[in-house]
Q: 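First, the structure itself, so that you have it in front of you.
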Amino acid sequence: MDIFIFDSLSRKKREFIPIDANKVRIYACGPTVYDYAHIGNARMAVVTDLLVRVLKKKYKNVLFVSNITDIDDKIINESEKLKIPFKELTNKFSKIYNNEMLSLNVGPPDIQPKATDHIDDMILMIEKLIKNECAYVMNNHVMFKVESYKHYGKLSRRTLEEQLEGSRIEIADFKQNARDFILWKPSKDEQPGWNSPWGRGRPGWHIECSTMSKICLDTPFDIHCGGVDLTFPHHENEIAQSCSAFKPNSEPENFSKYWFHNGFVTLNGEKMSKSLGNIQLVNDLLKKYNGETIRLSLLSAHYRQPLNWNKDILEQSKKTLLRIKKNFEKIKVKDFKIFDINKNEFYEEFQNSLFDDLNTPKALSIIGKNLNKIKEKNHEDRQKIAHATFEALTLLGLYKENKNDEDFDDTLINQLIDERNEARKLKNFEKADEIRQNLKNKNIEIEDTKDGTVWTKSK
RNA sequence: GGUGCGGUGGCGGAGAGGCUACGCACCGGCCUGCAAAGCCGUGUACACCGGUUCGAAUCCGGUCCGCACCUCCA
């Protein structure tokens with residue numbers, strides 16, 4: 001089965017053909033760590049995580065690199081505000097980011113380079129760009145000369161002339177041209193800075209991704225990921241830098257073969273932004289919902305579609321997940337390993353939908369459709385459906401054994417349930433309901449089934 | 001002004017020329033101390049206007065509306 005992904009550079013859904021099938025290489029622009037991650041950061045992380053999982057189904061060796069931006073003006077401003085060293089701030093929030101993503105079943109990338117660990121490499125790349133006459137030095141800044149790259153605008157479909165009209169770009173005195181962007185800028189004495197041929201300073205934002213992807217993956221690599229909003233200018237600038245450093249005016253394909261962009265998370269139809277005060281932090285959501293519920297919410301729409309976030313989406317996902325798991329767990333299967341998942345038609349249909357440009361809504365619908373069929377199926381098919389569902393949930397990252405139950409004491413719960421069942425036997429329903437309420441206050445939901453009373457954590 | 005994405009039932013959301021997903025919610029029934037779950041059943045749909053076609057939500061032309069990017073942004 002072939003994998004297809006939509007490539008934003010060619011604007012087409014294309015069959016994915018790796019440069020080297022023995023080593024598939026992917027890069028994703030990671031977070032700038034100066035605050036808690038919001039749900040938009042999480043969407044990018046979850047979607048790329050799924051892409052990597054899907055590719056691993058077909059290719060044994062997939063190398064996934066995603067950076068941490070740990071030097072940037074926003075970081076400097078925030079650390080000045082908090083009166084703490086910038087390193088302290090970035091260390092704190094990169095740890096928080098990784099932990100939060102882990103809660104969403106997003107594993108760490110194979111390599112997670114930090115910008116500040118690659119300043120020397122960036123300086124080398126900038127020097128190369130100057131040598132190639134694609135960059136110039138002015139007032140202690142090093143600028144990329146956009147005019148020097150004839151393919152500039154190919155990814156975002158903007159011609160150099162048309163975007164100027166109505167745009168809010170101002171020509172700073174260190175720019176030859178309004179579109180030129182910063183490769184290196186000077187730092188004030190109190191600001192973080194590194195020595196360079198152009199004085200003490202720090203890198204511009206775009207150069208780090210060009211440098212780190214080159215160092216960690218080498219170019220060209222297979223897929224470059226990121227949010228749609230990064231298409232311009234960030235990704236456009238990355239292409240310009242990387243290709244110009246390789247060879248002036250070389251084609252964008254010399255950097256990355258496929259461009260994979262995920263859509264935005266909106267809130268009530270509007271973009272999340274700090275000024276509107278409608279930022280949804282993963283940290284806050286995790287207090288009310290478990291990671292799988294949040295993950296399912298993020299996967300409920302196709303990754304390229306805008307995702308409108310509201311409280312209903314989480315409630316709906318929570319119920320959906322509960323229903324799928326209950327139905328699945330009802331089929332008693334001792335050991336899935338006795339079956340061959342590659343000969344399971346229920347799983348095949350599911351996997352095909354993910355192989356077709358990560359169609360998660362369709363994949364989810366197939367899980368539901370399979371479970372609905374259970375009643376009319378014979379024993380073998382039921383086992384196959386259970387197996388397919390297990391593999392499907394695992395691939396989507398929606399199934400996790402309850403590992404954290406070890407430190408959870410259920411003695412009291414079982415004791416209360418026994419007490420309640422005693423009361424029910426004696427038809428003391430008032431007491432029975434009281435105990436149920438008591439458990440509910442502890443976030444424990446109970447259900448009386450024909451096999452006895454079962455309880456679940458309601459978070 | 002330029003560039004791009006989209007408008008599907010009460011809501012979310014795939015699909016894409018005839019088989020009209022799936023989930024959540026609603027309503028009726030069975031079950032039940034109650035509740036929940038489960039099971040059975042019912043309904044509502046493709047922004048608008050033209051055209052092509054035996055047949056269009058799906059193709060073509062036009063109109064309207066929404067969102068995003070062009071400035072830091074996932």
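Just so it is clear: chains get the letters A, B, ... in the order the sequence lines come, proteins before strands, and each one is counted from 1. Side-chain atoms are counted along with the backbone in the values below, which use heavy atoms only and exclude waters and symmetry mates.
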Q: Just the rounded figure in Å: distance from C1' of B:A74 to CG of A:Asp229.
A: 5 Å

Q: Who does B:U3 pair with, Watson-Crick or G-U, both distances under 3.5 Å?
A: B:A68

Q: Separation of A:Tyr303 atom OH from B:G12 atom C1', in whole Å?
A: 20 Å

Q: B:C34 base to A:Asp448 side chain: any donor-acceptor pair below 3.5 Å?
A: yes

Q: Find the distance A:Asn262:CG to B:C5:C1' and express it as a whole number of Å.
A: 14 Å

Q: Does A:Gly227 reach a base, just sugar-phosphate, or nothing at all? Heavy atoms under 4.0 Å.
A: sugar-phosphate

Q: Would you please confirm or rule out a distance under 4.0 Å between OP1 or OP2 of B:G23 and any side-chain N or O of A:Asn372?
A: yes

Q: Under 4.0 Å: is that the gap between some side-chain N or O of A:Arg323 and OP1 or OP2 of B:G23?
A: yes

Q: Should the pair A:His224 and A:Tyr27 be assigned to parallel (<30°), tilted (30 to 60°) or perpendicular (>60°) ring geometry?
A: tilted

Q: Can a salt bridge be assigned to the pair A:Lys384 and A:Glu345 using a cut-off of 4.0 Å between side-chain N and carboxylate O?
A: yes

Q: Under 4.0 Å between a side-chain nitrogen and a carboxylate oxygen: does that hold for A:Arg424 and A:Asp433?
A: no

Q: Could you give the CG-to-C1' distance, from A:Asn428 to B:C34, as a whole number of Å?
A: 13 Å

Q: By the 4.0 Å heavy-atom rule, please label A:Lys427 as base, sugar-phosphate, or nothing.
A: nothing

Q: Tell me the interatomic distance from A:Asp49, atom CG, to B:A74, atom P, rounded to whole angstroms.
A: 18 Å

Q: Is any N or O donor-acceptor pair between the side chain of A:Arg304 and the base of B:C5 shorter than 3.5 Å?
A: no

Q: Does A:Leu298 form a side chain to side chain contact (heavy atoms under 4.5 Å, CB included) with A:Ile39? I'd like the steps, not just the answer.
A: CA-CA 9 Å; A:Leu298 289 170; A:Ile39 196 66; 3.9 Å; yes

Q: At under 4.0 Å between heavy atoms, what does A:Asp433 touch on the DNA or RNA strands: base, sugar-phosphate, or nothing?
A: base

Q: Across all strands shown, which nucleotide pairs with B:A25 by Watson-Crick or G-U wobble geometry, both distances under 3.5 Å?
A: none

Q: Examine A:Tyr258 together with A:Phe16 and report whether their ring centres are nearer than 6.0 Å.
A: yes

Q: Choosing from B:A74, B:G13, B:A14, which nucleotide comes nearest the side chain of A:His302?
A: B:A14

Q: Decide yes or no, distance alone: a donor-acceptor N/O pair under 3.5 angstrom between the base of B:G33 and the side-chain of A:Arg436.
A: no

Q: Could you check which nucleotide pairs with B:U63 in any of the strands shown, counting Watson-Crick or G-U wobble with both distances under 3.5 Å?
A: B:A47

Q: Taking only side-chain N and O atoms of A:Lys319, does any of them lie within less than 4.0 angstrom of OP1 or OP2 on B:G23?
A: no

Q: Can you tell me the distance, in whole Å, between the CZ atom of A:Arg179 and the C1' atom of B:C70?
A: 12 Å

Q: Only pairs with both distances under 3.5 Å count, Watson-Crick or wobble alike; so what is the partner of B:G55 in this structure?
A: none

Q: Under 4.0 angstrom, heavy atoms only, what part of the nucleic acid is A:Arg424 near: base, sugar-phosphate, or nothing?
A: base

Q: Closer than 4.0 Å, any side-chain N/O of A:Asn308 to the OP1 or OP2 of B:G12?
A: no

Q: Suppose we call a contact any N or O donor and acceptor under 3.5 Å apart; does that hold for the side chain of A:Asn310 and the base of B:G12?
A: no

Q: Please report the distance, rounded to the nearest Å, between NE2 in A:His235 and C1' in B:C72.
A: 14 Å

Q: Quick check: on RNA chain B, is the nucleotide nearest A:Ala301 upstream (toward 5') of the one nearest A:Phe264, or the reverse? Name the residue that is more 5'.
A: A:Ala301

Q: Within the structure shown, what part of the strands sits under 4.0 Å from A:Val265 by heavy-atom distance: base, sugar-phosphate, or nothing?
A: base

Q: If you look at every strand shown and take non-hydrogen atoms under 4.0 Å, does A:Ile313 touch a base, only sugar-phosphate, or nothing?
A: nothing

Q: Output, in order, the C-alpha distance, side-chain angles, deciding distance and verdict of side chain to side chain donor-acceptor pair (under 3.5 Å) for A:Tyr347 and A:Asn370.
A: CA-CA 9 Å; A:Tyr347 178 75; A:Asn370 286 159; over 6 Å; no

Q: When the nearest nucleotide of RNA chain B is assigned to A:His234 and to A:Gln316 on a heavy-atom basis, which residue is associated with the more 5' position?
A: A:Gln316

Q: Which part of the nucleic acid does A:Gln305 contact within heavy-atom distance under 4.0 Å: base, sugar-phosphate only, or nothing?
A: sugar-phosphate

Q: Would you kindly say whether A:Asn441 and A:Gln437 are connected by a side-chain donor-acceptor distance under 3.5 Å?
A: yes

